[in-house]
2 protein chains.
Amino acid sequence: MPSSTPASPPDRDAAALPGRQREARANDTAILVAARAVFAAQGHGAAMSDVAREAGVGVGSVYRRYPTKEALVEALHTHGVQEAARLARRVADEVAPGAVVRFVACQISTATGPLLRPTGATTPIPPDLARASDELHEALETLVAQDVRAGVVPAGLTAADVMQLLLHLRPTLPLPRAQADALHLRYLDLVDAGMRAQASAGVVLEGGPAWDEWVGTWHD
Amino acid sequence: MPSSTPASPPDRDAAALPGRQREARANDTAILVAARAVFAAQGHGAAMSDVAREAGVGVGSVYRRYPTKEALVEALHTHGVQEAARLARRVADEVAPGAVVRFVACQISTATGPLLRPTGATTPIPPDLARASDELHEALETLVAQDVRAGVVPAGLTAADVMQLLLHLRPTLPLPRAQADALHLRYLDLVDAGMRAQASAGVVLEGGPAWDEWVGTWHD
DNA sequence: ATCGGAACGGAACATCCGTTCCGATTCACT
DNA sequence: AGTGAATCGGAACGGATGTTCCGTTCCGAT
């Protein structure tokens, strides 16, 4: 019995686990991957049975991991925010002008479908998500501060503005991926030009959205 | 009997119609208005019974006008495109620099909720919509041409780009209307600055989206 | 005043989907 | 091998929602 490790959340690497639990763990990630794909393709309205089929398991197995559909969506959401936070941190570490735009561009070409939470999800924000959100927030602040100093984005730009940008540049059209990406990059160029213009004109933005508005209020 | 006028689509003004049909017509617009309000508030997932209740009629009456929910949504969509076309035409007639941004700004503060078609609506595009779309297209081209001449938007900008802009500036957050509008205007400023910068830098955009991509491919 | 039919409202129906439940299956341990 | 517990898959349940159907209401013509 694994009473030696008191880690209540079973530790990361599932490589070596008592036989049966490995399968469970494998199923777990399979479900996550499948859910991401299905929800990306069909939106959050997709049926749980579709997710189960895509993952090659029964619906029962899905519900064993995630007590409800909303929980599954939320897990996906948290995961997405964590990834975004990692990316932001990495870009911030490069310390080069244009970090904001670079982050957004990367995020666009990376993020698979909607990592957002459906409206009306009034569930209290789970700790994991809150933590990931904080990390993302901090990393974005760094990013923005760097670019403000570099003079490529106007002062007063907030981390929430960047999220807004990201939301707007999310695939919203049933277009082939490549085409959608091209559109978004074209659009991002525009915004980049705008931010640089405002920055060099000495514009100071005001009344930007607050970060707190963003946590847990996304939808698709 | 009204056999004198062969107009198969009963003419516009419903003011004077044989008694009972007036009520029908009144109900018809009531349904449209109600549907717009309900769908705007709850998204296209709202129940038909809600629309009926909001309109103060029974579900049966809704289904008499619109054989299916999709038909109702489509009617709304067509209506929205028609309004957008009218607005675009009006702005174009003013012939003043900044027409594109002005159009988008107006459209943002005007358009109530989603006037877009749900994904996967594979129904053939109805003639009304096709016509409205053509009118919108033409008006936007005029708008863009004016602004390109005025040097406030870069050459190569297409009518479809403007639609893209519009789509991005659509309310996507469950924020109070005023707040959302403020955000969008802030964002529009950015894009405006970007377009002006690109224009005066002599940038010529390429590979813009084609208009045809846009007709009938919107969703919410 | 009476009649016919157009329009109405809402109960009833069918379907879809989230969720629950349970018998079958599989693995660890003896 | 045999046993038991954990896990699995999917049928069954319940609620919500799109759609149909029909008895009722109301207006205009006779």
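Below, read A as the first sequence line, B as the second, and so on, with proteins coming before strands; counting in each chain starts at 1. Computed over heavy atoms, backbone and side chain alike; hydrogens, waters and symmetry mates excluded.
A donor-acceptor pair under 3.5 Å links the side-chain atoms of A:R186 to the main chain of B:E206, judged by distance alone. Judged by distance alone, with hydrogens and angles left aside, the side-chain atoms of A:D147 form a donor-acceptor pair with the main-chain N or O of A:G98 at under 3.5 Å.
Nucleotide D:dG9 holds its C1' atom 13 Å from the CZ atom of A:R65, rounded to whole Å. The separation between B:R53 atom CZ and C:dC8 atom C1' is 17 Å, rounded to whole Å. Summarising the geometry, the separation between CD on A:E54 and P on D:dG9 is reported as 15 Å, rounded to the nearest angstrom.
D:dC26 is paired with C:dG5 under the Watson-Crick or G-U wobble criterion, all donor-acceptor distances under 3.5 Å. Across all strands shown, C:dC27 forms a Watson-Crick or G-U wobble pair, both distances under 3.5 Å, with D:dG4. In this structure, C:dA14 and D:dT17 make a Watson-Crick or G-U wobble pair, each of the two defining distances being under 3.5 angstrom.
The phosphate of C:dA7 has neither OP1 nor OP2 within less than 4.0 Å of any side-chain N or O from B:N27.
When the side chain to side chain donor-acceptor pair (under 3.5 Å) test is applied to B:T158, the partners found at least two apart in sequence or on another chain are B:D161. With sequence neighbours left out, A:Y63 forms a ring pair (Phe, Tyr, Trp, His ring centres under 6.0 Å) with no residue at all.
Using a 30° and 60° split on the angle between ring planes, A:F39 and A:H44 fall in the perpendicular class, above 60°.
Contact annotation: the side chain of A:V101 approaches that of A:L188 to within less than 4.5 Å [non-hydrogen atoms, C-beta and beyond].
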Practice item. Mark up nucleotides 13-23 of chain C, 5' to 3', with B wherever a protein heavy atom is under 4.0 angstrom from a base atom, S wherever such an atom reaches only the sugar-phosphate, and - elsewhere. Key: -----SBB---
